[in-house]
Amino acid sequence: MNEIIISTKFSVFETVENLPNDIQNLMAQALEVRKNAYAPYSKFRVGAALLLDNGKIVLGSNQENAAYPSGLCAERVAVFQAGTIYPDAKILKMAITAASDNNQTTKPIPPCGACRQSIAEYEIKQEIPIEIYFMGEIGAIYKSDSLKNLLPFMFDKNFL
């Protein structure tokens, strides 16, 4: 038997004020767009902001549906919108924030599995990593230098 050992590294910022200025701005936009989430079922609101290599910022918030699979997470809304509006731009950085209407989220909340796979598609396509910053409603922010830290065994076109 052989073993595979996977190691990942995240940077931790204790508060938003400790983030680099450009990321503070990106996170502020994610916090603001989180208010636009349509989350009548889960009461869990997520905002995402992407910084593209053309300087544009693309936003997304989760949009639920009574038929749960028909809704979309904030990260996928933002990534798909960036791919639609700016198909040749590369995603450099992503800021994500999540909050519950039922209780305060104090721990960083990473993208779900479906969002990780969608982000992976764009990271592979553009051939450069995407910095991902994620937080709850308050508290520490985690930074991943690449989606590969969150999804080390990525499924991609090479398996097809």
Looking at side-chain heavy atoms only, is the closest gap between Leu52 and Leu92 below 4.5 Å? no
Are Lys143 and Ile23 side-chain neighbours, meaning at least one heavy-atom pair lies under 4.5 Å?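 No; the side chains remain at least 4.5 Å from each other.
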Which atom pair, heavy atoms only, marks the closest approach of [X] to [Y]?
X: Ala49; Y: Gln29; result: CB-CB, 4.3 Å
X: Ala82; Y: Val58; result: N-CG1, 3.9 Å
X: Asn65; Y: Gly71; result: CB-N, 3.9 Å
X: Pro87; Y: Lys125; result: O-NZ, 3.9 Å

Polar side-chain atom of [X] near backbone of [Y] as donor-acceptor pair, under 3.5 Å:
X: Thr105; Y: Glu137; value: yes
X: Gln24; Y: Glu17; value: yes
X: Gln81; Y: Leu59; value: yes
X: Glu123; Y: Ile130; value: yes
X: Arg116; Y: Leu150; value: yes

Derivation of the side chain to side chain donor-acceptor pair (under 3.5 Å) call for Asn18 and Thr15: CA-CA 5 Å; Asn18 296 126; Thr15 66; 2.8 Å; yes
